S.K.: 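Just passing along the structure, written as structure tokens.
Everything numeric in this text was worked out from a predicted model, so none of it was measured. A, B, ... follow the sequence lines: proteins, then strands. Residue 1 opens every chain. All values below were derived from every heavy atom in this structure, side-chain atoms included, with hydrogens, water molecules and symmetry-related copies excluded.
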Amino acid sequence: MLDIRYIRENPEKVQQAAKDKGYNVSISELLKLDDERRDLQSQVDDLRKKRNDNAAKMKGGKPEQSLIDEGKQIKIELAEREEYLTNAEKEFTDLLWQVPNITFEDVPVGGEEDSVEIKQWGEQKTGAIDHLDFAIKRDWVDFERGAKVAGAKFYYLKGDLALLENAITQFALTKLQEKGFTFMTVPHLVNQRTLTGTGFAPRTSEQSDEYAIEGEDLSLIGTAEISLTGYHADEIIDEDRLPLMYAGLSPSYRKEAGASGKHTRGLFRVHQFSKLEMYAFTLPEQSQEVHEKLLAIEEEIWQAIGIPYHVINIASGDLGAPAAKKFDIEYWSPVDGTYRELTSCSNCTDFQARNLNIRVRRKDGSLETVHTLNGTAVSLARSLITVIENFQNEDGTLTVPEVLRPYLGGREVL
RNA sequence: GGAGAGGUGACCGAGUGGUUGAAGGUACCGGUCUUGAAAACCGGCAAGGUGUAAAAGCCUUCGAGGGUUCGAAUCCCUCCCUCUCCGCCA
């Protein structure tokens, strides 16, 4: 959530940012609720002071009946006001949670088509066999049995393709260790507070992309970002420890409920895939620099493997609530002759951190909310698509990208 | 899953109904001392809300939520978590 004090001082800016992001929230309504809440708060505070003063009077010895009677009267009034306050607080908080993060100046305004390409790398080849056809011919993937065991869009990876996935993971993991990230495995199930605090499930709606465990306060994570954000919840971190850089490996579980009409063939959009995620907790003044750094690492990975791509600066309407700015890397698909989403890298500024109460203790003793950032190092299912599409041979074999060979026992061809 | 113990400030740790927002220690900040540092000593130091030019002031917070009471960190109930032992198990 945003800082209510910031919203009070910049109502137009917040309203405009919400509009640019496609969120229909009324800031004037929010501020009205804020006033009501504060008014009730001061009424309650006054009554509590009366109660405390009254109680203090009879601290010493035998209380007088008149004081006790007065105390009882205050108690009744207070209970009534407190109920009003509780309701007002809830109404206010519910609306505050619906306000999305503001965006940076250099974020293009508009929808998906307004995102701006800021870089291209590699050769745009054309004319390759679709990854699914290619993989099925090699008996590398089995969606039919995945459907039998779990349902549509679940799958088995088999043999060399499963080994290739492992090789890509190991390669990326090694790279991130060199960059100073701390490798982590994380809980794959998280509670509601962590999920909503990260900004994922719209708390009011049931159209969540997350699988929830019935009868438990637990949901399957759609990305390790969720578990990693919650890692430092309610903590105060010393300034000189930041930035903290983590690399989390986990499966990502997604219902993909609203995915109809989107590109879904094969491994591109599935209910479960492995992903190695970069995550950073930073000082506010560091986050933009770290954001660029995360993007640079992503580029380094795809360049090393040899996958053509471009980088886009995502337009406001596609950012989602928590992000102030987002870079996507899209790989070049020689099958479709177009770019497709591969990784994503967001600066969420203090939005998630405020939800989960993650702060930094400055050298001068003051407290401030930290900034959080996340970026995909490799999402495995899509990584496999890129390699199959870009490294396939006419005889049905697959050339192993050089940097991956050490993780495949030196094999050059699969 | 069963039995017991416990959850207090950035951290450790006192505190069982009324100057306890909370002793003491550590860390941190400022100072004295020192060529410099350390040590020692002196002082400061919870968070959130409200309020203010800035303060002061006021309210809240001792795992969470209810309850008892004129008054709760302290008593009662429910839940969550941690630790120890037993059971089970990769």
S.K.: Touch check for Ile237(A), heavy atoms < 4.0 angstrom, all strands: base, sugar-phosphate only, or nothing?
M.R.: nothing
S.K.: Does Arg37(A) qualify as a cation-pi partner of Phe92(A), given the criterion of NZ or CZ under 6.0 Å from the six-membered ring centre and within 45 degrees of its axis?
M.R.: yes
S.K.: Can you tell which of U60(B), C70(B), G49(B) lies closest to the side chain of Asn54(A)?
M.R.: C70(B)
S.K.: Rounded to whole angstrom units, what separation is found between the CD1 atom of Ile74(A) and the P atom of C59(B)?
M.R.: 12 Å
S.K.: Looking only at side-chain N and O atoms, does Tyr155(A) offer a donor or acceptor that is under 3.5 Å from a partner on Gln272(A)?
M.R.: no
S.K.: Side-chain N or O of Asn52(A) less than 4.0 angstrom from OP1 or OP2 on C59(B)?
M.R.: yes
S.K.: Who does U78(B) pair with, Watson-Crick or G-U, both distances under 3.5 Å?
M.R.: A64(B)
S.K.: Rounding to the closest angstrom, what is the interatomic distance between G7(B) and C79(B) at atom C1'?
M.R.: 14 Å
S.K.: Could you tell me which nucleotide pairs with C33(B) by Watson-Crick or G-U wobble geometry, both distances under 3.5 Å, or answer none if nothing does?
M.R.: none
S.K.: May I ask which nucleotide in the shown strands pairs with U84(B), Watson-Crick or G-U wobble, both distances under 3.5 Å?
M.R.: A3(B)
S.K.: For Arg359(A) and A47(B), is the shortest distance between a side-chain N/O and OP1 or OP2 below 4.0 Å?
M.R.: no
S.K.: Look through every strand shown and name the nucleotide pairing with A39(B) as Watson-Crick or G-U wobble, where both distances are under 3.5 Å.
M.R.: none
S.K.: Without decimals, in angstroms, what is the distance between Asn191(A) CG and C81(B) C1'?
M.R.: 12 Å
S.K.: Output the rounded distance in Å from CG (Leu85(A)) to C1' (G48(B)).
M.R.: 14 Å
S.K.: Expressed as a whole number of angstroms, how long is the span from Leu40(A):CG to U60(B):C1'?
M.R.: 16 Å
S.K.: Within the 4.0 Å heavy-atom criterion, would you say Arg5(A) contacts the bases, only the backbone, or no part of the nucleic acid?
M.R.: sugar-phosphate
S.K.: Heavy atoms only: give me the nearest Val378(A)-Ser383(A) pair and the separation to one decimal.
M.R.: CB-OG, 3.9 Å
S.K.: Using a cut-off of 4.0 Å on non-hydrogen atoms, how would the nucleic acid contact of Asp217(A) be classed: base, sugar-phosphate, or nothing?
M.R.: nothing
S.K.: Would you say Arg145(A) has more than 12 foreign heavy atoms packed within less than 6.0 Å of its CZ?
M.R.: no
S.K.: Please report, rounded to the nearest Å, how far the C1' atom of A47(B) is from the CD1 atom of Ile358(A).
M.R.: 17 Å
S.K.: Using atom P in both nucleotides, what's the gap between G63(B) and U74(B) to the nearest angstrom?
M.R.: 8 Å
S.K.: On a whole-Å scale, what distance lies between the P atoms belonging to A10(B) and A46(B)?
M.R.: 10 Å
S.K.: Among A47(B), U60(B), G71(B), find the nucleotide with the atom closest to the side chain of Leu367(A).
M.R.: A47(B)
S.K.: Counting only Watson-Crick pairs (N1-N3 plus N6-O4 or O6-N4) and G-U wobbles (N1-O2, O6-N3), all under 3.5 Å, who is the partner of G9(B)?
M.R.: none
S.K.: Hey, does the side chain of Arg38(A) come within less than 4.0 Å of G51(B)'s phosphate (OP1/OP2), counting only N and O?
M.R.: yes
S.K.: Nearest whole Å is fine: how far is U69(B) P from Gln73(A) CD?
M.R.: 15 Å
S.K.: Once you apply the 3.5 Å cut-off to both distances, tell me the Watson-Crick or G-U wobble partner of G71(B), or none.
M.R.: none
S.K.: Show your reasoning for whether side chain to side chain donor-acceptor pair (under 3.5 Å) applies to Glu83(A) and Asn87(A).
M.R.: CA-CA 6 Å; Glu83(A) 193 185 331; Asn87(A) 293 337; 4.5 Å; no
S.K.: State which of U50(B), U60(B), C70(B) makes the closest approach to the side chain of Arg37(A).
M.R.: U50(B)
S.K.: Counting side-chain heavy atoms from C-beta on, which of U69(B), C59(B), U50(B) comes nearest to Lys75(A)?
M.R.: U69(B)
S.K.: Can you tell me if the side-chain N/O atoms of Lys49(A) get under 4.0 Å from OP1 or OP2 in C58(B)?
M.R.: no
S.K.: Please state the C1' separation for the pair C62(B) and A53(B) - nearest whole angstrom.
M.R.: 35 Å
S.K.: Measure from NZ or CZ of Arg382(A) to the centre of the six-membered ring of Phe268(A), then state whether that distance is under 6.0 Å and the direction lies within 45° of the axis.
M.R.: yes
S.K.: A47(B) C1' sits how many Å from Glu235(A) CD, rounded?
M.R.: 16 Å
S.K.: Between Asp238(A) and Ser366(A), name the one whose nearest nucleotide on RNA chain B is closer to the 5' end.
M.R.: Asp238(A)
S.K.: Just checking Arg81(A): base, sugar-phosphate only, or nothing, at a heavy-atom cut-off of under 4.0 Å?
M.R.: nothing
S.K.: How are the rings of Tyr339(A) and Trp332(A) set to each other: parallel, tilted or perpendicular (split at 30° and 60°)?
M.R.: perpendicular
S.K.: Check whether any side-chain N or O of Arg361(A) sits under 4.0 Å from OP1 or OP2 of A47(B), and answer yes or no.
M.R.: yes
S.K.: Go nucleotide by nucleotide along RNA chain B from the 5' end; which of Gly71(A) and Val44(A) gets its closest nucleotide reached first?
M.R.: Val44(A)
S.K.: Can you tell me how far P of U50(B) sits from CG of Asp35(A), to the nearest Å?
M.R.: 11 Å
S.K.: Under 4.0 Å between a side-chain N or O of Arg8(A) and OP1 or OP2 of G49(B)?
M.R.: no
